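Letters go in sequence order (proteins before strands), and every chain restarts at 1. A quick note: this is a predicted structure, and the numbers were derived from the prediction, not measured.
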Protein chains: 2
Amino acid sequence: MISKKTKYGLQALLSLARQHGSGPILIADLAEQEQIPKKFLELILLQLKNAGILGSRKGKGGGYFLAKDPGQITMGSAVRVLDGTVAPVPCVSETAYQKCTECADEESCGIRLVMKDVRDAVADILDNTTLKEVLVRSSDVSKKAKKVIDYSI
Amino acid sequence: MISKKTKYGLQALLSLARQHGSGPILIADLAEQEQIPKKFLELILLQLKNAGILGSRKGKGGGYFLAKDPGQITMGSAVRVLDGTVAPVPCVSETAYQKCTECADEESCGIRLVMKDVRDAVADILDNTTLKEVLVRSSDVSKKAKKVIDYSI
DNA sequence: CGTATTCTCTATCGATTTAGTAGGCTAAAA
DNA sequence: TTTTAGCCTACTAAATCGATAGAGAATACG
């Protein structure tokens with residue numbers, strides 16, 4: 001399960017991706033658009049900025065913006081920043097590894113072997129899906145839905 | 001991230017699978033073998049029993065045992081019983097679905113589309129991995145390790 | 001310059017969840 | 001009918017999560 005924080009963060013990133021190129025967006029506007037508690041969003045954006053995913057400018061005309069192209073920011077990187085890891089157990093995490101106390105031999109731990117497969121499958125999806133791709137996919141669905149409606153007229 | 005409860009549960013199931021056929025195992029013995037707090041394990045085993053994964057017998061000679069063959073119990077079923085779901089967000093869960101409040105249209109929600117892929121990938125692994133397979137895999141690793149040692153002598 | 005604007009940072013708080021404990025109850029053997 | 005061993009409910013401590021408050025620091029602009 002991903003946290004609400006991570007979900008908010010992804011929402012915000014996608015919103016910024018949609019508005020990419022139109023300059024900095026205010027936290028307040030983003031919060032309003034995405035219906036995210038403003039103060040909470042503040043922390044999230046800051047974390048994403050400190051991780052190099054977002055950029056910011058202070059003062060009038062300031063706000064937040066993507067530090068890179070939407071096609072170069074992956075869902076995986078955002079989830080790792082906000083949730084710490086993508087792995088189902090710490091002992092198979094690449095970014096937040098922690099030796100597990102219970103099993104004697106990590107190499108032959110059956111649970112670990114399976115969870116490693118899970119981690120790899122999840123990472124494969126999230127690390128190969130960019131914000132841009134997500135936008136395209138979701139607009140494809142919308143178009144398709146519209147098409148169906150058009151036919152029915 | 002799976003909970004410690006789920007991890008304990010999987011450990012216990014694998015231990016019972018290893019000892020499958022030798023009659024009921026005492027909670028106390030399982031707790032000792034797997035180094036799991038006994039009282040906590042008690043709750044976990046009960047939950048697995050109520051879900052039909054384990055069977056039990058009271059009184060002398062009693063204990064817990066697998067209700068089915070190790071080849072017929074999947075990691076997925078155990079995780080769902082103990083963690084409630086396998087999905088990263090409630091809106092893509094088959095077993096613990098909850099409509100998400102934030103996105104207007106679920107069908108075209110980009111986050112949901114990606115998380116659905118993640119869920120499917122995770123479910124595909126966990127639902128197609130039985131306790132038996134886990135045991136085989138982990139003993140394969142052990143054998144391989146042993147072989148290396150043999151060569152080095 | 002100085003003031004309005006907007007992000008930055010630290011601290012705190014309440015609610016929920018997680019991990020674990022306690023203890024009496026019930027069923028089955030012997 | 002006593003012992004054994006699971007069943008069940010309740011409780012609690014600690015951690016995490018979601019959210020808020022408010023002062024501080026940087027930037028633009030008149």
Side-chain angles (χ1 to χ4, degrees), chain A residues 1-12 16 23-32 34-67 79 82-85 88-90 96 98 100-102, chain B residues 1-12 16 23-32 34-67 79 82-85 88-90 96 98 100-102:
Chain A
M1 276 285 181
I2 63 170
S3 62
K4 215 155 180 176
K5 181 166 118 180
T6 297
K7 207 177 167 192
Y8 285 157
L10 292 175
Q11 277 183 258
L16 288 173
I25 311 291
L26 296 181
I27 297 178
D29 289 351
L30 212 41
E32 168 67 26
E34 300 296 323
Q35 290 291 307
I36 300 169
K38 189 192 153 197
K39 272 299 198 176
F40 196 21
L41 180 59
E42 226 171 65
L43 300 178
I44 295 167
L45 296 176
L46 189 57
Q47 217 174 327
L48 289 168
K49 187 210 144 182
N50 289 334
I53 293 177
L54 294 180
S56 69
R57 197 148 59 220
K58 286 182 184 176
K60 185 149 196 181
Y64 275 99
F65 47 88
L66 300 184
V79 170
L82 297 171
D83 253 14
T85 184
V89 284
Q98 270 193 296
C100 83
T101 46
E102 33 276 335
Chain B
M1 276 285 181
I2 64 171
S3 62
K4 214 155 181 177
K5 181 166 118 180
T6 297
K7 205 176 168 193
Y8 285 157
L10 293 175
Q11 277 183 259
L16 288 172
I25 311 291
L26 296 180
I27 297 177
D29 289 352
L30 254 186
E32 168 68 25
E34 300 296 323
Q35 291 291 307
I36 300 170
K38 189 191 154 197
K39 272 298 197 177
F40 196 20
L41 181 59
E42 209 172 293
L43 300 179
I44 294 167
L45 296 176
L46 190 57
Q47 217 174 328
L48 289 169
K49 186 210 146 183
N50 290 334
I53 293 176
L54 294 180
S56 69
R57 196 147 61 220
K58 287 182 183 176
K60 183 146 198 180
Y64 274 100
F65 47 89
L66 300 184
V79 171
L82 298 171
D83 253 14
T85 184
V89 284
Q98 271 192 297
C100 82
T101 47
E102 33 276 336

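The distance from atom CG of L30(A) to atom C1' of dC7(C) is 13 Å, rounded to the nearest whole Å. One can place NZ of K58(A) at 10 Å from P of dC7(C), the figure rounded to the nearest angstrom. For the pair R57(B) CZ and dT26(C) P, the computed distance is 22 Å after rounding to whole Å. Residue I27(A) contributes atom CD1, which lies 17 Å from atom P of dG22(D) at whole-angstrom precision. L45(A) has its CG atom 14 Å from the C1' atom of dC9(C), to the nearest Å. Following rounding to the nearest Å, Q35(A) (CD) and dA19(D) (P) show an atom-to-atom distance of 12 Å.
Nearest approach of G84(B) to A96(B), heavy atoms of both residues: O-CB, 3.8 Å. Among all heavy-atom pairs drawn from M1(A) and T85(B), the shortest one is CE-CG2, 3.3 Å. Between A12(B) and L45(B), the closest heavy-atom pair is CB-CD2, 4.1 Å. Between G61(A) and P24(A), the closest heavy-atom pair is O-CG, 3.5 Å. Residue D83(B) comes nearest to S3(B) through the heavy atom pair OD1-OG, 2.8 Å, listed as atom of the first residue, atom of the second, then distance.
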Give the intermediate values and the outcome of side chain to side chain contact (heavy atoms under 4.5 Å, CB included) for residues I36(B) and L30(B). CA-CA 8 Å; I36(B) 300 170; L30(B) 254 186; over 6 Å; no
Please walk me through it: do L46(A) and Y64(A) pass side chain to side chain contact (heavy atoms under 4.5 Å, CB included)? CA-CA 9 Å; L46(A) 189 57; Y64(A) 275 99; 3.9 Å; yes
Evaluate the criterion side chain to side chain contact (heavy atoms under 4.5 Å, CB included) for residue pair L54(A) and L66(A); output intermediate values, then yes/no. CA-CA 5 Å; L54(A) 294 180; L66(A) 300 184; 3.7 Å; yes
Which letters describe nucleotides 16-24 of chain C, given B = protein heavy atom under 4.0 Å from base, S = only from sugar-phosphate, - = neither? ---SBBBB-
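Within the structure, the salt bridge (Lys or Arg N to Asp or Glu O under 4.0 Å) test picks out the following pairs touching residues 34-52 of chain B (sequence neighbours left out): R18(B)-E34(B), K39(B)-E42(B).
Contact check of residues 46-55 of chain A against DNA chain C (heavy atom, cut-off under 4.0 Å) returns L46(A), K49(A).
Residue K60(A) is the one, among S56(A) and K60(A), whose nearest nucleotide of DNA chain C lies closer to the 5' end (criterion: closest heavy atom). Toward the 5' end of DNA chain D, the nearer of the two residues L26(B) and L41(A), judged by each one's closest nucleotide, is L26(B).
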